[in-house]
There are 2 protein chains.
Amino acid sequence: MRTEGRAKRLPRAVRERQIMDAAVDVFSRLGFHSASMDEISEVAGISKPMLYAYLGSKEELFATCIRREATRMMEAIATGVEPDQEPDVQLWSGLRAFFGFVGENRASWQVLHRQASNQGGPFAVELMDMRARAVSLVAALLTQSTKAPATKLEAESLAAALVGAGESLADWWLDHPEEPAGVVAARLMNLVWMGFGDLVDGNVWHPPSRR
Amino acid sequence: MRTEGRAKRLPRAVRERQIMDAAVDVFSRLGFHSASMDEISEVAGISKPMLYAYLGSKEELFATCIRREATRMMEAIATGVEPDQEPDVQLWSGLRAFFGFVGENRASWQVLHRQASNQGGPFAVELMDMRARAVSLVAALLTQSTKAPATKLEAESLAAALVGAGESLADWWLDHPEEPAGVVAARLMNLVWMGFGDLVDGNVWHPPSRR
DNA sequence: CCTGGTACCTACTCGCGAGTAAGACTACTG
DNA sequence: CAGTAGTCTTACTCGCGAGTAGGTACCAGG
């Protein structure tokens, strides 16, 4: 498969998809700074000016990647959870959906979590936006459950901790891909719902029957 | 205060400390790639060739920074926890020490967590080493407690989740510095020890009396 | 007051990568 | 088949930053 020579003529929308896919791939492997527009264009199978003509500058391209992947992920989670159920069931569905998405979109996850989180520029905005949505979603789940977190700040920080635990566990999972998504999700569910205290005593959380 | 002109002659060891401090500062603000050796030398109050003469290349310098800060942090935690106590007390001491360190060394934490974690080069080695020590420390705590995690993999992943929750909560804390360290630590302690299930029912964890 | 060694400097080279100018190929439209 | 709109390319410019060459000030000991 020669990668050289003139590329086949394709409509703009299709090329843009190809370019975005290539960009996510390269950014996820190399990070924002180390990734070069030359490499992205090469992987996409086109030349650099096309890249600039269609997707703008490097920063714009990266921000677009983040937006696209973040949207895909939040949609995957949203479709997995039904808002009228018990809090623990909602949380469980959310975790399953989250780990399912990460398992099938490693590159997307790399871009979202590892790369975007520390390029302080305009990207943090996109990323923090998604993260904020996730956190407030969890925070709502907590406050909706009676008693528990008194202050708004407390609920928010707990949600942040939970989201962080999910992110970190997802990263760990990248290095241990032999484990199925459901197992990893169940583990986190037990940790945050039961707590070590109960786990030490042998009390575990079970999903409500098999449905 | 003119920063120009010839710098005062100082013994090598002292200069090296100054340079390291400057490097941690700049790396934490800008990240590895965006930080320039020119800026580091300027902040340190010396010229670039001195930097290269004393600390080697940019990569060596960064790795040295990570090693130094990681060591400082692990020592801070190690001195805070006594290994003969109950698991929950050990965990509590560890969390307090951790958040105490982060609170007083924001820059160090930025370098360690946000910067080092995704520059995949030789740095990941240093960082993952520290992280692995932290995780295995927690994992040991878990397996030492009876029953709970059956497999080694399970203990490790739970530990990874906990460490990640700590990291994430520390990041959140950077944006809400008005909260005292002890409060944030206690919140995480409750989350991972009691779990949401208990918290929803109003059951909270208390440190064993005031000592 | 020379001699060497260590701290310290100015002023470069040089490659890499973001972004662009200017045009060439293809295909549809009349 | 001419015109024109959209696709795609080669072949540059240009600044930034890592790393260096070749010194200058300062302080020993003889």
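Chain A is the first sequence line, chain B the second, and so forth, proteins listed ahead of strands; every chain is numbered from 1. These values consider heavy atoms only, across backbone and side chains, with no hydrogens, waters or symmetry-generated copies. Bear in mind that the values here come from a model prediction, so they are computed numbers and not experimental data.
Residue A:Ser57 has its side chain nearest to C:dG19 when only D:dA18, D:dG6, C:dG19 are considered. In this structure, the nucleotide among D:dT20, D:dT7, C:dA7 sitting nearest to the side chain of B:Tyr52 is D:dT20. In this structure, the nucleotide among D:dT9, C:dC8, C:dA18 sitting nearest to the side chain of A:Lys58 is C:dA18. Taking only side-chain atoms of B:Lys48, from C-beta outward, the nucleotide of D:dC27, C:dT10, D:dA18 with the closest atom is D:dA18. For B:Ile46, the listed nucleotide lying nearest its side chain is C:dC9; candidates were D:dT9, C:dC9, D:dG17. Of the candidate nucleotides C:dC8, C:dA27, D:dT10, C:dC8 has the atom nearest to the side chain of B:Arg15.
Contacts of B:Pro11 with the nucleic acid, taken as non-hydrogen atoms under 4.0 Å apart, are absent. Contact annotation for A:Met50: base contact, defined as any heavy-atom pair under 4.0 Å involving a base atom. Residue B:Ser36 is classed as a sugar-phosphate contact, given heavy-atom separations below 4.0 Å to backbone atoms only.
In A:Arg96, the CZ atom is not crowded: 12 or fewer heavy atoms of neighbouring residues, nucleotides or ligands sit closer than 6.0 Å. Atom CZ of A:Arg12 sits in a crowded spot, with more than 12 heavy atoms from other residues, nucleotides or ligands closer than 6.0 Å.
Straight-line distance from the CD1 atom of B:Ile40 to the P atom of D:dG17: 12 Å, rounded to whole Å. Atom pair B:Asp38:CG and C:dA11:P shows a separation of 14 Å (rounding to whole Å applied). One can place CZ of A:Arg17 at 17 Å from P of D:dT7, the figure rounded to the nearest angstrom. Atom NE2 in B:His33 sits roughly 16 Å away from atom C1' in C:dA18 (whole-Å rounding). Counting to the nearest Å, the C1' atom of C:dT10 and the CD atom of B:Glu42 are 15 Å from each other. Atoms CG (A:Leu10) and P (D:dT9) sit 11 Å apart, rounded to a whole Å.
Of the side-chain N and O atoms in A:Tyr54, none sit less than 4.0 angstrom from OP1 or OP2 of D:dG6.
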Inset, instruction - Decide yes or no on salt bridge (charged side-chain N to carboxylate O under 4.0 Å, His left out) for A:Arg68 and A:Asp21, but give the supporting numbers first. - result: CA-CA 10 Å; A:Arg68 190 183 81 164; A:Asp21 292 341; 2.9 Å; yes
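Residue-to-nucleotide contacts include a donor-acceptor pair under 3.5 Å from the side chain of B:Arg6 to the base of C:dC8. You'll find a donor-acceptor pair under 3.5 Å spanning the side chain of B:Arg9 and the base of C:dT6, going by distance alone.
Residues B:Arg72 and B:Ser108 approach most closely at NH2-OG, 3.3 Å, considering heavy atoms.
Of the N and O atoms on the side chains of A:Ser34 and B:His33, at least one donor lies less than 3.5 Å from an acceptor on the other residue.
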